[in-house]
Structure formats: C-alpha cells, structure tokens
Asks: 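I have a structure I would like to understand better, so I am pasting it below and will then ask my questions one at a time.
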There are 2 protein chains.
Amino acid sequence: MTKGNVAAPASASASHRTPPEHVHPRDVLLETAMAALSDPVRLALVRELAASEDWERTCGSFDVPVRKAALSHHFAVLRSAGLIEQRDAGAKRINRLRRAEFDEHFPGLLDLVLRRR
Amino acid sequence: MTKGNVAAPASASASHRTPPEHVHPRDVLLETAMAALSDPVRLALVRELAASEDWERTCGSFDVPVRKAALSHHFAVLRSAGLIEQRDAGAKRINRLRRAEFDEHFPGLLDLVLRRR
DNA sequence: TAGACTGTACGCAGATCATCGAACACTTTG
DNA sequence: CAAAGTGTTCGATGATCTGCGTACAGTCTA
C-alpha cells in the first residue's frame with residue numbers, strides 16, 4: 001500500500017548521511033493514515049511528539065517499549081503516512097509532528113488521536 | 001488487539017440463529033477503530049452503508065471484490081469496532097451504520113471517512 | 001419436503017507486520 | 001585516532017491479516 005518516495009534535496013548541512021524521505025499528507029491515502037495510527041507504539045510516539053516543541057525530540061528520547069530497530073521502523077511508517085518530519089542534527093535525528101499539513105488533509109484526525117485516551 | 005465480546009440478548013424474533021455480537025463504540029479502542037478503517041474493502045462497506053437507509057442493506061448486497069467468506073469476516077471486524085449493527089431478518093442479515101453512537105465517541109472520524117476520497 | 005438462498009465457521013495459503021539481534025555508517029567526545 | 005553514542009539496514013522469526021474453498025446451519029420458496 002505504501003510506496004517509496006523521492007524528493008531528497010541536497011543536504012547543505014554538515015551531515016553526510018542521506019536525509020530521510022518524506023511524504024506530504026496530501027499524497028497519503030486514508031488507508032495509510034489509518035494504518036499508521038492503529039499501532040499503540042506509533043500512537044504513543046505521536047502523542048509524545050504532540051506534547052513537545054518542534055525539533056525538540058530525538059528518536060531515542062521516546063518512552064516506548066521497543067528496541068531501536070523497531071523504533072526506527074515506526075518512525076519510517078509515520079514519515080510515509082505524512083505524520084512527522086525528520087531532520088538530521090549531527091549524530092541525532094530530530095522530529096516534528098506535521099500538525100498543520102496533516103490536519104489540512106485529514107481534518108480532525110490528529111485531534112481525535114490526541115484527545116481520546 | 002480485538003477480543004471477543006458478549007451481551008447477546010435473547011432473540012425474540014423468528015430466527016433460531018445466534019444473533020450477532022455487538023460492541024458499543026464506547027468500548028472500542030482507538031487502535032481498533034483505526035485498524036478497522038485501514039482496509040479498502042471495509043472502507044467501501046462503510047461508505048456504501050452510509051449512502052443507504054438503515055436496515056436497508058443485506059450483507060450480500062455490497063459491491064466489493066471479495067467472496068462471501070471474506071465478506072463475513074469484514075462485517076465481523078466492523079461490528080467489533082462499533083461501526084455497524086446487524087440484525088437477522090429471515091434468511092438475510094441486514095445492516096446499519098452506527099453513525100450517532102460512533103460519532104459521539106470518535107468525533108469526526110466517520111466524517112473524514114465519508115468525505116475523503 | 002426438496003432445493004435454492006444467505007450467511008457463518010473452519011482450515012489453509014500467502015502476504016504483511018512487529019520485533020529482535022547484529023552489523024554498519026556516521027558523529028561526537030575523550 | 002579510538003571509543004562511545006545515535007540511528008538505519010538486514011535477515012530471521014512469530015503473529016496477524018486477507019483471501020479462498022468447503023462444509024454447514026438456518027430460512028424461504030416451489
């Protein structure tokens with residue numbers, strides 16, 4: 001259902017790593033968004049991210065009960081569902097919830113996720 | 001994630017079959033609701049149901065590309081996600097979208113599903 | 001009552017998913 | 001430069017999901 005995406009602008013930063021590939025919420029199927037939000041770990045990530053400042057949280061700073069390999073996978077799923085944006089900052093990768101963009105294309109969905117316990 | 005549920009009122013109808021088990025949206029986890037709506041076939045069922053009158057549609061009357069065994073499974077998933085209600089009417093089983101109840105507990109979610117193509 | 005019809009239950013196959021450990025690449029620190 | 005830290009990728013594993021055909025249980029109709 002999900003597929004690879006492109007548009008990787010040449011990193012002008014100091015990082016030599018390939019920057020993460022992003023998908024804009026506009027290009028995300030409803031099925032994909034729903035599937036991304038149907039996992040407890042990813043819900044926790046989204047909620048924790050929503051309670052933080054943009055670019056404040058590194059990938060390893062979340063309180064979820066999985067190892068880093070699984071965590072990395074979950075971040076990739078969130079990225080390809082248009083839910084988060086990631087940026088390399090030195091050795092770390094920092095995150096941002098794409099609130100406005102996602103809300104524009106899936107109005108009310110993030111609200112629901114963040115309000116419903 | 002989903003689990004069996006109970007509360008099967010004694011069927012006062014003419015049917016001798018065990019009536020379907022229902023789950024109220026109040027008892028549905030967000031994860032479960034999302035998972036139920038992350039499948040194209042189930043989305044089609046929900047949308048077609050939303051475009052029909054309550055109790056108007058039998059299970060076999062939907063335009064989805066799966067056989068009846070799979071269809072039966074999808075209806076069970078929708079039931080346990082609190083999305084539909086079913087009732088036996090003779091040999092047939094008729095359906096209703098639980099719009100109001102579901103909307104009360106997952107505000108905006110059905111709207112999103114029904115508006116977003 | 002025999003047969004057609006509607007839908008469920010069961011068992012199976014194939015695909016997808018979540019998770020892990022290990023190896024790797026890159027960055028930062030000592 | 002070596003060591004520690006951050007995160008990705010790979011391969012494997014077990015669980016879950018979707019689909020099918022078949023068999024079955026009721027219900028309706030001729």
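Every chain is numbered from 1, with letters handed out A, B, ... down the list of sequences.
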Asks: Using a cut-off of under 3.5 Å, enumerate the N/O to N/O pairs linking the protein to nucleotides 5-9 of chain C.
Replies:
residue: C/dG7; atom: OP1; partner: B/C59; partner atom: N; Å: 2.9
residue: C/dG7; atom: OP1; partner: B/R93; partner atom: N; Å: 3.2
residue: C/dG7; atom: OP1; partner: B/R93; partner atom: O; Å: 3.3
residue: C/dG7; atom: OP2; partner: B/G60; partner atom: N; Å: 2.8
residue: C/dG7; atom: N7; partner: B/K68; partner atom: NZ; Å: 3.0
residue: C/dG7; atom: O6; partner: B/K68; partner atom: NZ; Å: 2.9
residue: C/dT8; atom: OP1; partner: B/R93; partner atom: NH1; Å: 2.9
residue: C/dT8; atom: OP2; partner: B/S72; partner atom: OG; Å: 2.5
residue: C/dT8; atom: O5'; partner: B/S72; partner atom: OG; Å: 3.1

Asks: Is the closest basic N to carboxylate O distance between B/D111 and B/R115 below 4.0 Å?
Replies: yes

Asks: Could B/K92 and B/E56 be called an ion pair, given the rule that one side-chain N must be under 4.0 Å from one carboxylate O?
Replies: no

Asks: Mark yes or no for whether A/H22, through its side chain, and A/R79, through its backbone, hold a donor-acceptor pair below 3.5 Å.
Replies: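 Checking the backbone N and O of A/R79 against the side chain of A/H22, no donor-acceptor pair under 3.5 Å is found.
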
Asks: Quickly work out the A/E21 CD to D/dG7 P distance and round it to whole Å.
Replies: 19 Å

Asks: Indicate yes or no for a side-chain donor-acceptor contact from A/S72 to the backbone of A/K68 under 3.5 Å, with no hydrogens or angles considered.
Replies: no

Asks: Between C/dT19 atom C1' and A/R42 atom CZ, what is the distance in whole Å?
Replies: 12 Å

Asks: Between A/R67 and D/dG7, does any side-chain N or O lie under 4.0 Å from OP1 or OP2?
Replies: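 Negative; the distance criterion is not met.
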
Asks: Side chain of B/R42, backbone of B/A36: donor and acceptor closer than 3.5 Å?
Replies: yes

Asks: Measure the distance from CZ on A/F62 to C1' on D/dG7 and round it to the nearest whole Å.
Replies: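 It is 13 Å, rounded to the nearest whole Å.
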
Asks: Can you measure A/L78 atom CG to C/dA18 atom C1' for me and round it to whole angstrom units?
Replies: 14 Å

Asks: Send over the distance from B/H74 NE2 to D/dT18 C1', rounded to a whole Å.
Replies: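 So the two atoms are 6 Å apart, to the nearest Å.
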
Asks: Rounding to a whole Å, what distance do you find between A/L43:CG and C/dA18:C1'?
Replies: 15 Å

Asks: Which atom pairs, donor and acceptor, lie under 3.5 Å between side-chain atoms of residues 44-53 of chain B and protein residues at least two apart or in another chain?
Replies:
residue: B/R47; atom: NE; partner: B/V113; partner atom: O; Å: 2.9
residue: B/R47; atom: NH2; partner: B/V113; partner atom: O; Å: 3.1
residue: B/R47; atom: NH2; partner: B/R116; partner atom: O; Å: 2.7
residue: B/E48; atom: OE1; partner: B/D63; partner atom: N; Å: 3.4
residue: B/E48; atom: OE2; partner: B/R57; partner atom: NH2; Å: 2.8
residue: B/E48; atom: OE2; partner: B/D63; partner atom: N; Å: 3.3
residue: B/S52; atom: OG; partner: B/E48; partner atom: O; Å: 2.8
residue: B/S52; atom: OG; partner: B/R57; partner atom: NH1; Å: 3.0

